[in-house]
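Model, not experiment: these values are computed from the prediction.
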Number of protein chains: 2
Amino acid sequence: MVTACTLKHCAGKEYYCSLELTLQVIGGKWKPIILWRLGQDGTLRFSELRRIMPNITQKMLTQQLRELESDGVLHREVYPQVPPRVEYSLTEMGRSVLPVLSEMCKWGHAFEANHGTAGTTDGRAAGHATAPAADAPDTDAPDTDNDLGMAVGEV
Amino acid sequence: MVTACTLKHCAGKEYYCSLELTLQVIGGKWKPIILWRLGQDGTLRFSELRRIMPNITQKMLTQQLRELESDGVLHREVYPQVPPRVEYSLTEMGRSVLPVLSEMCKWGHAFEANHGTAGTTDGRAAGHATAPAADAPDTDAPDTDNDLGMAVGEV
DNA sequence: CGGTATCCTTCATGATACTG
DNA sequence: CAGTATCATGAAGGATACCG
């Protein structure tokens with residue numbers, strides 16, 4: 001019988017399934033990129049993060065960083081200097097999410113490859129395959145390695 | 001040097017990282033639940049999915065299902081009967097996402113457990129731990145097993 | 001440098017009604 | 001039963017300006 005369905009609360013988030021909680025913590029448009037880059041570089045300043053993600057607005061970046069900090073996945077170190085200096089780094093919990101991101105990335109690659117090819121029950125494909133799997137040689141990291149910051153002006 | 005940053009397109013989605021693609025395909029408020037339940041039950045009718053997720057509106061359910069179908073992760077079988085009958089099931093690609101969902105769920109549990117305990121660099125905790133890890137005996141499936149449909153009326 | 005504060009736009013979500 | 005169509009809304013996202 002379907003009776004429980006416990007609505008849970010953690011870190012100010014509502015969810016029914018831990019999976020949803022995970023998506024709320026590491027999901028969204030910017031958080032995965034922030035987390036992955038911090039995982040790569042270890043420590044980054046606010047301005048460095050901005051340079052990595054030219055598309056994000058200052059407000060959004062601050063907001064995402066504060067949420068990640070509040071959720072305990074990243075650490076914010078403020079140096080009380082005259083030109084302010086703030087450094088961000090992953091916590092233990094933050095580092096533990098990297099394998100999850102890797103897995104998601106891996107599946108994304110498989111999706112790209114399988115899209116338009118075979119593997120579906122009915123053999124149908126939505127749209128067209130923009131490219132074969134030739135441009136995705138890696139299989140265990142979000143895209144290539146550390147050039148996953150976007151540099152185009154288009155949204 | 002950070003120059004490439006290729007903006008990719010797949011299945012009508014824009015993304016810079018396969019990770020983002022994955023989130024667009026399986027992320028969101030409802031898709032993980034739909035996918036997981038179909039993974040559990042194999043095949044479900046439209047009305048059964050509605051019963052599983054009382055909070056979702058008909059429009060949203062249809063929309064999410066169409067997107068998942070269009071992305072090739074689920075199959076839609078229409079039986080041309082007088083009382084319409086439509087059955088949904090996962091494709092190969094859809095089934096391959098289940099381990100990813102499991103991983104995300106596993107991390108969610110770890111997050112719950114670690115929240116307010118230790119493991120962070122600065123030892124701080126946001127909010128309060130609502131419950132210990134005692135009510136989460138499983139470690140490889142989204143929450144318990146098949147009662148992850150929400151049954152409360154509150155949004 | 002690293003933010004806040006304010007305002008504005010967009011789009012995802014939702015309620016409701018109607019249909020093959 | 002399984003939708004589609006229409007309208008409403010509210011939160012997310014973003015542009016801009018100002019501040020310690």
Side-chain angles (χ1 to χ4, degrees), chain A residues 12-16 20 23-34 37-38 43-71 74-89 150 152-155, chain B residues 12-16 20 23-34 37-38 43-71 74-89 150 152-155:
Chain A
K13 305 175 199 327
E14 289 194 344
Y15 61 100
Y16 296 89
E20 298 178 71
L23 283 171
Q24 289 185 50
V25 176
I26 70 167
K29 193 176 178 181
W30 307 110
K31 288 179 181 176
I33 300 174
I34 295 172
R37 283 304 301 244
L38 285 177
T43 297
L44 288 172
R45 296 183 57 165
F46 187 82
S47 52
E48 293 175 314
L49 285 166
R50 282 195 67 185
R51 222 168 309 126
I52 287 168
M53 298 174 286
N55 288 345
I56 198 174
T57 59
Q58 204 167 27
K59 173 192 170 189
M60 272 298 111
L61 180 55
T62 301
Q63 185 178 307
Q64 303 298 302
L65 288 170
R66 288 295 145 85
E67 286 180 24
L68 289 169
E69 184 199 8
S70 164
D71 289 337
L74 73 76
H75 173 66
R76 180 169 177 262
E77 187 77 35
V78 183
Y79 296 87
Q81 303 176 349
V82 181
R85 175 191 185 85
V86 181
E87 286 186 350
Y88 295 90
S89 58
M150 51 223 49
V152 294
E154 182 203 9
V155 176
Chain B
K13 305 175 198 329
E14 288 194 344
Y15 60 101
Y16 297 89
E20 298 178 71
L23 283 171
Q24 289 185 50
V25 176
I26 71 168
K29 192 175 177 181
W30 307 109
K31 287 178 180 176
I33 301 173
I34 295 171
R37 282 305 299 244
L38 285 177
T43 297
L44 288 171
R45 298 184 55 168
F46 187 82
S47 54
E48 292 174 315
L49 286 166
R50 283 196 65 185
R51 224 167 307 124
I52 287 167
M53 299 174 285
N55 288 345
I56 199 174
T57 59
Q58 204 167 25
K59 174 191 168 189
M60 270 300 110
L61 180 54
T62 301
Q63 186 178 304
Q64 303 298 303
L65 287 170
R66 288 297 145 86
E67 286 180 22
L68 290 169
E69 184 199 7
S70 163
D71 289 337
L74 73 74
H75 174 65
R76 181 169 176 263
E77 186 77 35
V78 183
Y79 297 87
Q81 303 176 348
V82 182
R85 174 190 186 85
V86 181
E87 286 187 350
Y88 295 90
S89 58
M150 50 224 50
V152 292
E154 182 202 9
V155 176

Would you tabulate the nitrogen or oxygen pairs shorter than 3.5 Å linking the protein to nucleotides 3-7 of chain D?
unit_1 : atom_1 : unit_2 : atom_2 : d
D:dG3  : OP1    : B:R66  : NH2    : 2.5
D:dG3  : OP1    : B:R76  : NE     : 3.4
D:dG3  : OP1    : B:R76  : NH2    : 2.4
D:dG3  : OP2    : B:Y88  : OH     : 2.6
D:dG3  : N7     : B:Q58  : OE1    : 2.9
D:dG3  : N7     : B:Q58  : NE2    : 2.7
D:dG3  : O6     : B:Q58  : OE1    : 3.3
D:dT4  : OP1    : B:R66  : NH1    : 2.9

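Going from atom CH2 of B:W30 over to atom C1' of C:dT13 covers 10 Å, rounded to whole Å. Here C:dG2 presents its P atom at 13 Å from CD of A:E77, a figure rounded to the nearest Å. Straight-line distance from the CD atom of A:Q63 to the P atom of C:dG2: 19 Å, rounded to whole Å. For B:E67 and C:dA12, the CD to C1' distance is 10 Å, given to the nearest whole Å. Per the geometry, CG belonging to A:N55 stands 14 Å off P belonging to D:dG13, to the nearest Å. Taking atom CE of A:M53 as the reference point, atom P of C:dG2 lies 13 Å away to the nearest angstrom. In this entry the distance linking CE of A:M60 with P of C:dT4 reads 13 Å, nearest Å. Between the CG atom of B:L44 and the P atom of D:dA2 there is a distance of 11 Å, rounded to whole Å.
B:R37 places none of its side-chain heavy atoms less than 4.5 Å from the side chain of B:M53. Looking at heavy atoms from C-beta onward, A:E69 lies in side-chain contact with A:L74 at the 4.5 angstrom threshold. The side-chain heavy atoms of B:R66 and B:Q63, taken from C-beta on, include no pair separated by under 4.5 Å. Looking at heavy atoms from C-beta onward, B:F46 lies in side-chain contact with B:L65 at the 4.5 angstrom threshold.
Heavy atoms only, all atoms of each residue included: B:E14 and B:Q24 are closest at O-NE2, 2.7 Å. A pairwise comparison of heavy atoms in B:S89 and B:T43 identifies CB-OG1, 3.8 Å as the closest pair. Shown here for A:I34 and A:L68, the closest heavy-atom pair between the two residues is CG2-CD1, 3.9 Å.
Summary of helix geometry: the two end axes of the helix from C:dC1-D:dG20 to C:dG20-D:dC1, each defined by five base pairs via their C1' atoms, are inclined to each other by 50° (rounded to 10°).
Note on B:T57: every side-chain N or O is 4.0 Å or more away from OP1 and OP2 of C:dA15.
At least one donor-acceptor pair closer than 3.5 Å links the side chain of A:T62 to the backbone N or O of A:Q58.
The listed nucleotides are D:dG14, D:dG13, C:dG2; the one nearest the side chain of A:Q64 is D:dG13. For B:P84, whose side chain is taken as the heavy atoms from C-beta onward, the closest listed nucleotide among D:dG14, C:dG20, C:dC1 is C:dG20. Among C:dC1, C:dA15, D:dC1, the nucleotide with an atom closest to any side-chain atom of B:R45 is D:dC1.
Legend: residues meeting salt bridge (charged side-chain N to carboxylate O under 4.0 Å, His left out) with B:E87, ordered by chain and number and at least two apart, are B:R85.
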